[in-house]
Amino acid sequence: MNESDYESDEGDICIPKFKKKSKWNPPKSKNDNLESFITSVKAEVRSSISGKQVRNISKSESQAMINLKDRDEIVIKQADKGSAVKWRHYSAETLQEIAKSVTDSSRNNHNIAQLVDDEDCPVKFFDWKLYLKQFFKQLPALTTYHHFRMIKESPGVVFVREYCDNDEKQFRLLKNRVVINPLSEPTELPKKKGLDAMRQWYLYQEIRPLCYGSKDITCPKPTIPKPEITVIEDRDNTRKCSYCKKTGHETSRNGKLLCPLKPK
């Protein structure tokens, strides 16, 4: 700033014509969504000034999307809201074909299917609810909160907020005087039994005609006899039939009255 930037009369104090540029910046917000929006707006403004487009994905990811778009067996359509994409079609009748669809959806092997009965890397199920119950308390009104935060300086404490602009609350979930053994493991749950006879015959009779090349894998003929639906008598004789208005009818397995006068 030189002498021409000042206005002054004889005997008066020099007053600058222009104010100095402020270096003050607003403090960073605690709202992560707001900060992300500010960052994206700054990047867009810079790109419009420089004339260069700012990429939000890498070149390899962009090329992967182009390769995915060129595949004939997959149809990708724009979602109803936003600019996201979603899977629309993939022919899969067996568990292996479903796993293959998951693997094929990622050229960079980000998506890996985990099969329960995989001999090389089986998926195991543990009773985590019973295991964690001995160390932690349940968070009250869990479904009413949408923001959760935990820090290493406060082990066993969770900070929650219902919405981003609400006051934060903290709850101590770790029970008092509890020491967790890092080598302890939860109990492994036993494998569930297969489909019962009723379900197997339903797949064979109802779903098998809809399959193409994997009928004998997905819906084979059951090796166990088809169960019969037993009719149980209505012993109390208090329920009235809605058709004939009488009592004493037999009931089916699902509890419906079987009226002999009602046409089938």
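These numbers come from the heavy atoms of this one structure, side chains and all, not from hydrogens, waters or symmetry mates. Sequence positions, counted from 1, serve as the residue numbers for this chain.
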Study note, to complete from the structure: Sorted by chain and number, sequence neighbours left out, salt bridge (charged side-chain N to carboxylate O under 4.0 Å, His left out) with Asp165 holds for none

Check your understanding: How about Phe148: does its CZ atom have over 12 heavy atoms from other parts shown lying under 6.0 Å from it?
Key -> yes

Practice item. Take atom CD of Gln138 as the centre, draw a 6.0 Å sphere, and report whether it contains more than 12 heavy atoms from other residues, nucleotides or ligands. Key: no

Check your understanding: Quick check: does any side chain N or O of Gln200 sit under 3.5 Å from a backbone N or O of Pro222, one acting as donor and the other as acceptor?
Key -> no

Study note, to complete from the structure: Smallest heavy-atom separation, Glu162 atom then Thr144 atom, equals CG-O, 3.1 Å

Practice item. Verify side chain to side chain donor-acceptor pair (under 3.5 Å) between Gln63 and Asn67, making sure each step is shown before the conclusion. Key: CA-CA 6 Å; Gln63 185 61 41; Asn67 296 337; 3.1 Å; yes

**Study point:** Donor-acceptor pair, side chain of Trp128 and main chain of Thr187, under 3.5 angstrom
**Key:** no

**Study point:** Closest non-hydrogen atom pair between Tyr131 and Asn181, with its separation
**Key:** OH-O, 4.2 Å

Practice item. Go through the steps for Val157 and Phe159 under the test side chain to side chain contact (heavy atoms under 4.5 Å, CB included), then give the verdict. Key: CA-CA 7 Å; Val157 178; Phe159 301 87; 4.1 Å; yes

Check your understanding: Do side-chain atoms of Asp118 reach the backbone of Leu115 as a donor and acceptor pair under 3.5 angstrom?
Key -> no

Point to revise | Between CG on residue Asn31 and SG on residue Cys164, distance to nearest 0.5 Å | key: 4.5 Å

Check your understanding: If only atom types and distance count, is the side chain of Thr103 paired as donor or acceptor with the main-chain N or O of Ala99 below 3.5 Å?
Key -> yes

Review point. So do Ile180 and Phe136 actually touch side chain to side chain, heavy atoms under 4.5 Å?
Key: yes

Practice item. Can you see which heavy atom on Leu174 is nearest to which on Phe135, and at what distance? Key: CD1-O, 3.5 Å

Exercise for review: Would you give the length of the straight line joining atom OG1 of Thr39 to atom CG of Leu34, rounded to the nearest 0.5 angstrom?
Suggested key: 9.0 Å

Practice item. Indicate yes or no for a side-chain donor-acceptor contact from Ser101 to the backbone of Ile98 under 3.5 Å, with no hydrogens or angles considered. Key: yes

Exercise for review: To the nearest 0.5 angstrom, please state how far the NZ atom of Lys191 sits from the CZ atom of Phe125.
Suggested key: 10.0 Å

Point to revise | Under 3.5 Å donor-acceptor, Thr94 side chain and Glu97 backbone | key: yes

Practice item. Enter the distance from Tyr202:OH to Asp196:CG here, rounded to the nearest 0.5 Å. Key: 13.0 Å

Practice item. Look at the side-chain heavy atoms of Ile, Leu, Val, Met, Phe, Trp and Tyr, link any pair under 4.5 Å apart, and say whether Val158 and Leu142 land in one connected group. Key: yes

Check your understanding: Taking it one step at a time, do Ile112 and Val102 satisfy side chain to side chain contact (heavy atoms under 4.5 Å, CB included)?
Key -> CA-CA 7 Å; Ile112 302 175; Val102 175; over 6 Å; no

Point to revise | Pairs meeting criterion salt bridge (charged side-chain N to carboxylate O under 4.0 Å, His left out) with involvement of residues 166-179, two or more places apart | key: Arg149-Glu168

**Study point:** ring pair (Phe, Tyr, Trp, His ring centres under 6.0 Å) partners for His147, two or more places apart
**Key:** none

Check your understanding: Given Met198 and Lys226, is the side chain to side chain contact (heavy atoms under 4.5 Å, CB included) satisfied, shown in steps?
Key -> CA-CA 7 Å; Met198 184 69 69; Lys226 183 179 179 180; over 6 Å; no

Exercise for review: Please answer: with hydrophobic residues joined when any side-chain heavy atoms are less than 4.5 Å apart, are Leu173 and Val160 in the same cluster?
Suggested key: yes

Point to revise | Which atom of Ile224 lies closest to which atom of Trp201, heavy atoms considered | key: O-NE1, 3.0 Å

Review point. For Glu153, does the CD atom sit with more than 12 other heavy atoms under 6.0 Å from it, leaving out its own atoms?
Key: yes

Review point. Just how far is it from atom CG of Asp127 to atom CD of Glu185, taken to the nearest 0.5 Å?
Key: 13.5 Å

Check your understanding: Does the pair Asp216/Arg208 count as a salt bridge with the N-to-O cut at 4.0 Å?
Key -> yes

Check your understanding: Would you say Glu93's side chain and Tyr212's backbone share a donor-acceptor pair under 3.5 angstrom?
Key -> yes

**Study point:** Smallest separation among heavy atoms of Ala197 and Pro225, with atom names
**Key:** CB-O, 4.3 Å

**Study point:** Lys100 atom NZ, over 12 foreign heavy atoms within 6.0 Å
**Key:** no

**Study point:** Gap between atom CZ of Phe126 and atom CG of Leu132 - 0.5 Å precision
**Key:** 12.5 Å

